[in-house]
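Report on one structure; see the data block that follows.
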Amino acid sequence: MNVRTRFAPSPTGFLHIGGARTTLYNWLFARRHQGVFILRIEDTDEVRSTEDSVQAILDSMRWLGLDWDEGPVDQQKDLGPYAPYYQMKRLELYQRHVRELVQAGKAYPCYCTKEELDAMRKLAMAEKRPVRYEGRCRDLTDRQRSELEASGRKPSWRFRMPDEGQTVVDDMVRGRVSFDNKLLQDLVIQKTTGGPTYNFACVVDDHHMEITHVIRGDEHLSNTPSQLRLYEALGWAPPCFAHLSMLLGPDGSKLSKRHGATSVLEYKTAGFLPAAMRNYLALLGWSTTDSRQLFFGDELIGAFDLAGCQKNPAVFDRAKLEWMNGEYLRKLDLRELMAHAGPFLAAAGLSGALTPPLERTVALEQEKCKLLTDVPNRVDFFYKEVAFAEKAMAGVLRKPGVKDILLDLAGALGGLEPFEEKPLEGAIRDYCGQKGLKTSQVFHPVRAACSGRTEGPTLFGMLALLGKDKVVGRLRAAAGLL
RNA sequence: GGCGUGUUCGUCUAGCGGCCUAGGACAUCGCCCUCUCAAGGCGAAGAUCACGGGUUCAAAUCCCGUACACGCCA
């Protein structure tokens with residue numbers, strides 16, 4: 001079977017973490033089976049849908065490296081055999097199928113107003129009956145219909161749901177789930193505005209786009225029996241379904257803004273790598289039987305399997321994501337790292353041909369970075385005025401004897417040739433020996449004086465890169481403050 | 001309210017009747033390495049497998065019920 005999956009977001013905001021994971025699974029499944037991954041825009045919510053949201057979603061997907069084979073590249077063109085990929089441009093198609101159902105006696109106009117339906121719902125709740133459309137307009141005569149039309153009412157169109165029997169959803173993640181048809185209500189398939197409802201458009205599009213596997217969030221499981229009835233009524237074979245568990249915040253409620261960053265793009269600006277993001281997201285609700293954590297390159301695609309999906313919801317854990325990002329960052333070769341870190345360095349005012357070269361200082365600190373934002377933070381002291389951290393000043397420099405040590409070394413190192421790692425180490429260790437000082441009594445103040453910090457790169461490598469002028473100058477300057 | 005789904009260390013999870021005195025990963029703590037910070041290595045702590053019944057020689061694993069959480073109807 002030629003696998004075709006899709007991601008079908010509503011463009012009513014940015015792409016959030018949960019949606020990104022759903023997309024990722026669809027993408028992985030398609031790639032795993034050499035299938036096709038489609039992007040479709042479900043913009044039938046005319047009030048809340050915006051083109052900005054579409055662009056934000058596309059940007060997020062591009063950043064994550066989730067490329068789609070069909071879908072909205074240029075909404076003016078919308079090329080492709082199943083185009084257009086915006087639902088609002090496919091209204092005719094939905095309306096055609098509504099008419100088809102009406103002609104077959106499987107759908108009918110409903111003239112109930114929103115207020116009437118609300119009232120019925122309230123009544124049902126008060127009487128503790130199931131909340132469900134009672135079929136008031138189900139069997140109106142033509143005459144009653146024309147009267148209602150004449151009174152100015154515009155109908156919505158409802159699908160006549162069968163009353164008897166059961167509908168079984170054979171889900172690839174959750175197994176066989178059955179629903180009583182009695183509890184399914186006559187679904188609105190076309191709104192009074194002429195637009196389709198979500199469940200109807202979804203079925204029509206999935207059919208016409210020849211989707212073979214619908215991989216989506218758990219919240220749609222309860223809609224699936226109704227959709228299955230629609231497939232049946234239209235004479236179409238339904239796709240396979242896989243319902244994914246939801247993503248929760250640390251307090252166990254649905255992941256939302258109050259739990260921190262939920263937009264994919266926020267993770268981009270926070271300095272995460274797309275590959276790490278993909279790896280982490282994949283593991284939220286999916287695992288291999290050996291609980292493997294890291295999948296580099298195409299390994300994720302090779303390993304992905306719907307059978308490994310978890311039924312219960314997962315809590316998003318930023319700490320683990322950060323650990324994983326560090327793993328990916330360390331594995332990058334210097335060129336790749338520079339490419340990824342470039343924008344972050346530039347934002348910190350570090351770009352172009354600097355002395356010492358950025359590649360050299362970045363290389364020195366690569367293994368310690370977890371986030372791309374760490375990169376400028378760890379190397380900026382090479383280039384900027386030394387800013388003394390409180391810990392460095394009070395904890396290291398303002399100690400008896402430090403001033404003399406700094407001054408002595410400024411003198412000694414001023415004549416050192418070549419000013420390189422090994423000779424530097426030799427010279428400074430010799431100085432410790434002559435003065436009878438423990439190495440730590442000297443190393444720490446030198447580091448603090450030259451970087452303003454108590455932590456940083458390996459000392460002699462750092463001094464060598466800094467160069468003689470800066471080292472001597474900084475040693476003197478620091479001594480001057482004491 | 002009805003229906004549906006879920007419930008294994010703080011978190012992500014392995015587990016599909018005996019290999020489980022429950023394994024791995026993150027986080028936490030300790031030790032080692034060490035010029036600092038990381039990384040790395042080693043180790044510790046951490047889960048009466050939501051609870052209660054059953055089935056079975058044997059249950060985290062199968063069945064029933066309860067509780068709680070979430071979702072859908074909205």
Side-chain angles (χ1 to χ4, degrees), chain A residues 114 117-118 121-122 124-133 166-167 169 171 173-175 177-188 199 217-226 243-255 279-294 307-327 329-330 364-370 374 377-378 389 391-392 395-396 424-425 428-429 432 438-448 451 453-463:
Chain A
K114 190 177 178 302
L117 291 169
D118 282 345
R121 181 160 57 231
K122 276 195 191 122
M125 278 171 82
E127 295 175 359
K128 306 205 170 185
R129 282 182 288 116
V131 176
R132 163 176 198 275
Y133 177 67
Q166 296 220 308
T167 299
V169 178
D171 192 273
V173 173
R174 324 196 86 92
V177 185
S178 54
F179 297 82
D180 236 328
N181 287 347
K182 268 205 294 291
L183 298 162
L184 267 28
Q185 63 178 337
D186 286 358
L187 200 73
V188 174
N199 280 297
D218 192 25
E219 68 268 26
H220 291 117
L221 181 58
S222 301
N223 290 327
T224 310
S226 300
H243 287 93
L244 271 18
S245 59
M246 313 212 16
L247 255 33
L248 306 178
D251 62 354
S253 67
K254 195 171 171 176
L255 193 64
N279 193 154
Y280 178 71
L281 250 21
L283 252 26
L284 275 184
W286 169 79
S287 63
T288 54
T289 51
D290 60 357
S291 278
R292 182 171 167 195
Q293 303 294 308
L294 268 7
C309 288
Q310 190 76 9
K311 296 187 189 72
N312 47 306
V315 175
F316 185 84
D317 178 15
R318 188 180 171 116
K320 184 160 181 177
L321 208 209
E322 287 192 14
W323 161 76
M324 201 171 267
N325 205 60
E327 294 289 322
L329 225 44
R330 242 168 274 128
L364 214 51
E365 290 292 86
Q366 174 170 10
E367 62 184 14
K368 298 170 191 174
C369 296
K370 277 189 165 169
D374 293 340
N377 289 338
R378 296 193 100 104
K391 253 165 69 182
V396 178
L424 275 163
E425 179 162 8
I428 294 174
R429 283 189 190 277
C432 296
K438 283 192 289 188
T439 53
S440 61
Q441 286 176 281
V442 176
F443 292 175
H444 295 329
V446 172
R447 171 187 304 287
S451 71
R453 308 174 184 195
T454 55
E455 81 293 325
T458 170
L459 183 61
F460 310 109
M462 172 181 117
L463 296 179

* With P as the reference atom in both, quote the distance from B/rA74 to B/rG18 in angstrom, rounded to an integer. => 45 Å
* Asked: Partner of B/rG65 by Watson-Crick or G-U wobble geometry, both contacts under 3.5 Å, or none?
  -> B/rC51
* To do: Return the minimal non-hydrogen interatomic distance between A/Leu294 and A/Asn279, and the atom names on each side.
  => CA-OD1, 3.5 Å
* Asked: When you compare B/rC73 with B/rC64, how far apart are their P atoms, in angstrom units rounded to a whole number?
  -> 27 Å
* To do: Taking atom C1' in both B/rC26 and B/rC9, compute the distance separating them and give it to the nearest angstrom.
  => 12 Å
* Whole angstrom is fine here: how far is it from CD in A/Glu425 over to P in B/rU36? => 12 Å
* To do: Please round to the nearest 0.5 Å and tell me the distance separating atom CG of A/Asp171 and atom OG1 of A/Thr224.
  => 7.5 Å
* For RNA chain B, whose closest nucleotide is more 5', that of A/Phe460 or that of A/Lys370? -> A/Lys370
* To do: Pick base, sugar-phosphate or nothing for A/Pro457, based on heavy-atom distances below 4.0 Å to the nucleic acid.
  => base
* To do: Looking only at non-hydrogen atoms, find the nearest pair between A/Gln166 and A/Asp180 and report the distance.
  => NE2-OD1, 3.9 Å
* **Expected output: side-chain A/Tyr280 to main-chain A/Asn325 donor-acceptor under 3.5 Å** => no
* If you look at every heavy atom in A/Arg330 and A/Gln366, which pair is closest and at what distance? -> O-NE2, 3.7 Å
When you compare the protein's N or O atoms with those of nucleotides 60-62 of chain B, which come within less than 3.5 Å of each other, and at what distance?
none

* Could you tell me which nucleotide pairs with B/rG43 by Watson-Crick or G-U wobble geometry, both distances under 3.5 Å, or answer none if nothing does? => B/rC29
* Structure fact -> dist A/Glu367:CD -> A/Glu365:CD (nearest 0.5 Å) comes out at 8.0 Å
* Using atom C1' of each nucleotide, how far apart are B/rC29 and B/rG10 to the nearest Å? -> 14 Å
Every protein N/O lying under 3.5 Å from an N/O of nucleotides 41-44 of chain B:
none

* Asked: CG/A/Leu248 to CZ/A/Phe316 distance, rounded to the nearest 0.5 angstrom?
  -> 12.5 Å
* Quickly work out the A/Arg378 CZ to B/rC37 C1' distance and round it to whole Å. => 6 Å
* Asked: With a 4.0 Å cut-off on heavy atoms, is A/Gln441 in touch with a base, just the backbone sugar-phosphate, or nothing at all?
  -> nothing
* To do: List the steps and the verdict of salt bridge (Lys or Arg N to Asp or Glu O under 4.0 Å) for A/Asp218 and A/Lys311.
  => CA-CA 9 Å; A/Asp218 192 25; A/Lys311 296 187 189 72; over 6 Å; no
* Select from A/Glu367 and A/Asp218 the residue whose nearest nucleotide in RNA chain B is closer to the 5' end of that strand. => A/Glu367
Just the atom pairs and distances: protein N or O near nucleotides 72-74 of chain B's N or O, under 3.5 Å.
from   : atom 1 : to       : atom 2 : distance (Å)
B/rC73 : O3'    : A/Gln185 : NE2    : 2.6
B/rC73 : O2'    : A/Val131 : O      : 3.4
B/rC73 : O2'    : A/Gln185 : NE2    : 3.1
B/rA74 : OP1    : A/Gln185 : NE2    : 3.2
B/rA74 : OP2    : A/Gln185 : NE2    : 3.4

* Structure fact -> Going 5' to 3' through nucleotides 29-34 of chain B and flagging B where a protein heavy-atom sits under 4.0 Å of the base, S where only the sugar-phosphate is that close, and - otherwise, we get ------
* Asked: Tell me: CG of A/Asn325 to P of B/rA38, nearest whole Å?
  -> 18 Å
* Asked: Does B/rG71 pair with anything, Watson-Crick or G-U wobble, both distances under 3.5 Å, and if so, with which nucleotide?
  -> B/rC3
* To do: Would you mind reading off the distance between A/Leu459 atom CG and B/rC37 atom P, rounded to a whole angstrom?
  => 13 Å
* A/Asn181: what forms a side-chain hydrogen bond (donor to acceptor under 3.5 Å, both in side chains) with it, not counting sequence neighbours? -> A/Thr167
* Apply side chain to side chain contact (heavy atoms under 4.5 Å, CB included) to the pair A/Leu329 and A/Lys370, showing each step before the final yes or no. => CA-CA 7 Å; A/Leu329 225 44; A/Lys370 277 189 165 169; 5.6 Å; no
* Structure fact -> A/Asn312 and A/Gln310 have their tightest heavy-atom pair at OD1-NE2, 2.6 Å
* Just by distance, do the side chain of A/Glu322 and the backbone of A/Ala319 share a donor-acceptor pair under 3.5 Å? -> no
* Counting side-chain heavy atoms from C-beta on, which of B/rC26, B/rA38, B/rG4 comes nearest to A/Lys368? -> B/rA38
* Asked: Checking A/Ser287 side chain against A/Ser291 main chain: does a donor-acceptor pair fall under 3.5 Å?
  -> no
* If you measure from the C1' atom in B/rG52 to the same atom in B/rC12, how many Å do you get, rounded? -> 29 Å
* To do: For A/Lys311 and B/rU8, give me the distance from atom NZ to atom C1', rounded to whole Å.
  => 14 Å
* **Mate of B/rG18 where both pairing distances stay under 3.5 Å, Watson-Crick or G-U** => B/rC57
* Asked: In whole Å, what separates the P atom of B/rU7 from that of B/rA50?
  -> 8 Å
* Inter-nucleotide P distance (B/rA59, B/rC49), Å rounded -> 12 Å
* Shortest non-hydrogen separation from A/Lys368 to A/Pro457 and the atoms involved -> NZ-CA, 3.6 Å
* Nearest whole angstrom, please: distance from the C1' of B/rC26 to the CZ of A/Arg292. => 17 Å
* **Protein proximity profile, nucleotides 11-25 of chain B - base contact B, sugar-phosphate-only contact S, no contact -, cut-off 4.0 Å on heavy atoms** => SBSSS-------BBB
* How is A/Arg174 classified with respect to the nucleic acid when contacts are heavy atoms under 4.0 Å: base, sugar-phosphate, or nothing? -> sugar-phosphate
* Quick one: closest heavy-atom pair of A/Ile428 and A/Phe460, and the distance? => CD1-CE2, 3.8 Å
* B/rC63 and B/rA22: how far apart are their C1' atoms, nearest whole angstrom? -> 23 Å
* **Spacing between A/Leu244 atom CG and B/rU5 atom P, to the nearest angstrom** => 17 Å
* Asked: With a non-hydrogen cut-off below 4.0 angstrom, is A/Arg453 in contact with a base, only sugar-phosphate, or nothing?
  -> nothing
